[in-house]
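Note sheet for the following structure.
First listed ligand is number 1; within each ligand, the first listed atom is number 1.
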Amino acid sequence: MSVLKGFKQKEQRYIINTYNRNPEKTLLLVEGEGAVVRDEEGREYLDFLGGLAVTALGHCHPRVTAAIREQAGKLVHTSNLYYTLPQTELAELLVENSCGDKVFFANSGAEVNEAAIKLARKYAQTVLGEKRYEIITAYRSFHGRTLATLTATGQEKFRRGFDPLPEGFVYATFNDLDSFAAAVTEKTCAIMVEVVQAEGGVYVAEQEFLRGLRRLCDEQGLLLIFDEVQCGMGRTGRLWAYEHYGVEPDIFTVAKALANGLPIGAMVAKNKAAEGFGPGDHASTFGGNPVASAAAVATLQTIFEDNLLAHVQERGQQILQGYERLRQSFPGLIKEYRGRGLIIGLEFTKEIAPQVQQGLVEEGFLVN
Ligand code: PLP
């Protein structure tokens with residue numbers, strides 16, 4: 001029996017089937033370097049998937065790997081009852097390079113969105129002294145898989161079968177300010193949107209929409225939360241996608257590419273909103289773990305020092321030009337391409353995305 005066949009049998013025997021991996025077609029990846037990953041037979045793939053928006057600097061970036069090695073040899077974990085150097089350094093970098101004032105660390109996108117939801121409710125109840133708890137999110141959004149974040153997610157398919165879901169989420173239409181304004185009630189405490197809807201199909205927020213949401217929140221005393229879990233960390237060509245708009249959120253969340261592959265998430269809040277939480281209100285055993293934080297510090301420093309934001313803009317333009325050539329070469333096949341920087345989606349006129357994806361794997365390219 002080949003190594004791979006034995007491995008696939010074990011995988012099917014021991015792992016719960018939540019990822020719909022086709023045993024005949026999925027790959028066993030064993031190493032990566034830069035934009036390339038290799039399977040167990042040494043076959044190389046150019047990785048446009050980036051671990052689902054995670055390995056922004058490429059695989060095993062030497063500076064990140066060195067930071068992980070160094071920190072792992074010093075201190076892997078303490079607890080959030082004590083200070084650690086990497087966590088504080090990371091908080092400083094996030095605050096000094098964003099509109100936020102304070103950070104809460106967790107381990108994933110869902111967890112930091114959960115933290116943002118809790119903070120918005122607590123802020124309304126403790127700071128404003130009002131029993132407001134409802135959060136308006138967008139149809140087609142994706143905010144995570146915990147019970148609260150999947151309820152925040154404006155796509156019914158993710159919620160099916162998990163009743164009863166937590167109360168307090170309503171949905172409005174992305175890029176439609178009137179739809180959001182109409183959803184505000186005396187129970188609303190916040191509006192939460194992705195600046196670029198990623199999982200929902202790559203839809204970029206319009207300037208007037210985000211500006212309008214800011215105005216609406218200011219008029220109604222609501223918090224504005226941006227989920228930058230997928231579109232943050234330079235993916236759009238600015239460190240935070242909201243920077244393209246001249247609009248600042250009260251809270252934003254980041255995860256995925258933050259540590260270029262180690263699990264970490266951060267909720268960044270302005271002082272006003274951060275006041276909603278006090279000691280004991282929220283916690284995470286591993287949140288802001290020293291090794292993950294050291295990797296995140298190295299990731300951010302690399303983005304700044306290697307001038308990667310300009311690089312993202314250039315490569316993004318190159319891909320868009322390529323898509324335009326494709327559209328012209330295959331008339332009637334490509335409906336639209338959308339995106340900003342390196343978060344780009346291609347929509348076909350027919351249901352052929354799975355075949356295209358599989359064809360690309362066979363040619364040595366990984367895409368989502
Ligand atoms: N928010 C957005 C915008 C996402 O794209 C995702 C994941 O795809 C999440 C939240 C959830 O992140 P995680 O899988 O790290 O919990």
Side-chain angles (χ1 to χ4, degrees), residues 16 18-20 48-56 104-120 135-155 157-159 162 166 169 171 174-175 190-205 210 213 224-236 238-242 244 249 251-269 282 284-289 292-293 295-296 299 338-345 366-368:
I16 293 178
T18 60
Y19 291 105
N20 197 21
F48 286 92
L49 181 65
L52 280 172
V54 169
T55 50
F104 173 84
F105 288 110
N107 313 286
S108 67
E111 268 185 278
V112 284
N113 284 340
E114 187 91 16
I117 291 164
K118 285 180 73 177
L119 179 59
I135 298 183
I136 309 170
T137 66
Y139 289 114
R140 242 178 15 211
S141 59
F142 187 81
H143 297 295
R145 301 282 195 152
T146 62
L147 277 175
T149 56
L150 76 83
T151 312
T153 291
Q155 301 188 62
K157 66 179 179 191
F158 293 112
R159 302 194 293 266
F162 296 110
F169 295 92
Y171 315 105
F174 193 69
N175 274 337
I191 290 175
M192 175 156 100
V193 292
E194 292 155 88
V195 179
V196 180
Q197 289 192 318
E199 203 283 336
V202 188
Y203 291 91
V204 182
L210 280 203
L213 285 186
L224 182 58
I225 305 169
F226 288 160
D227 176 344
E228 295 237 9
V229 165
Q230 179 146 185
C231 62
M233 287 301 287
R235 182 100 184 264
T236 64
R238 305 289 290 266
L239 189 59
W240 312 117
Y242 70 76
H244 293 280
I251 301 171
F252 71 94
T253 54
V254 45
K256 290 211 183 257
L258 180 54
N260 205 51
L262 287 197
I264 189 167
M267 172 182 70
V268 187
H282 201 42
S284 166
T285 297
F286 294 114
N289 161 280
S293 292
T299 303
R338 308 181 278 271
R340 185 161 226 169
L342 281 174
I343 182 164
I344 306 176
L366 304 188
V367 298
N368 192 15

| said: What I'd like to find out is whether the side chain of Trp240 reaches to under 4.5 Å of the side chain of Met233, using heavy atoms alone. | reply: yes
>> Taking the ring centre of each residue, are Phe174 and Tyr203 less than 6.0 Å apart?
In response: no
In Thr253, Asp227, Thr151, Thr137, the residue satisfying side chain to side chain donor-acceptor pair (under 3.5 Å) with His143 is Asp227
Lining ligand 1 at under 4.0 Å, by non-hydrogen atom distance, are residues Ser108, Gly109, Ala110, Asn113, Phe142, His143, Gly144, Glu194, Asp227, Val229, Gln230, Lys256
Between the OG atom in Ser108 and the CG atom in Leu258, the distance rounded to the nearest 0.5 Å is 12.0 Å
For this session: Measure the shortest side-chain to side-chain distance between Met192 and Ile251 over non-hydrogen atoms and say whether it is less than 4.5 angstrom.
Result: no
Student check: side-chain heavy atoms of Ser293 and Ile264 closer than 4.5 Å: yes
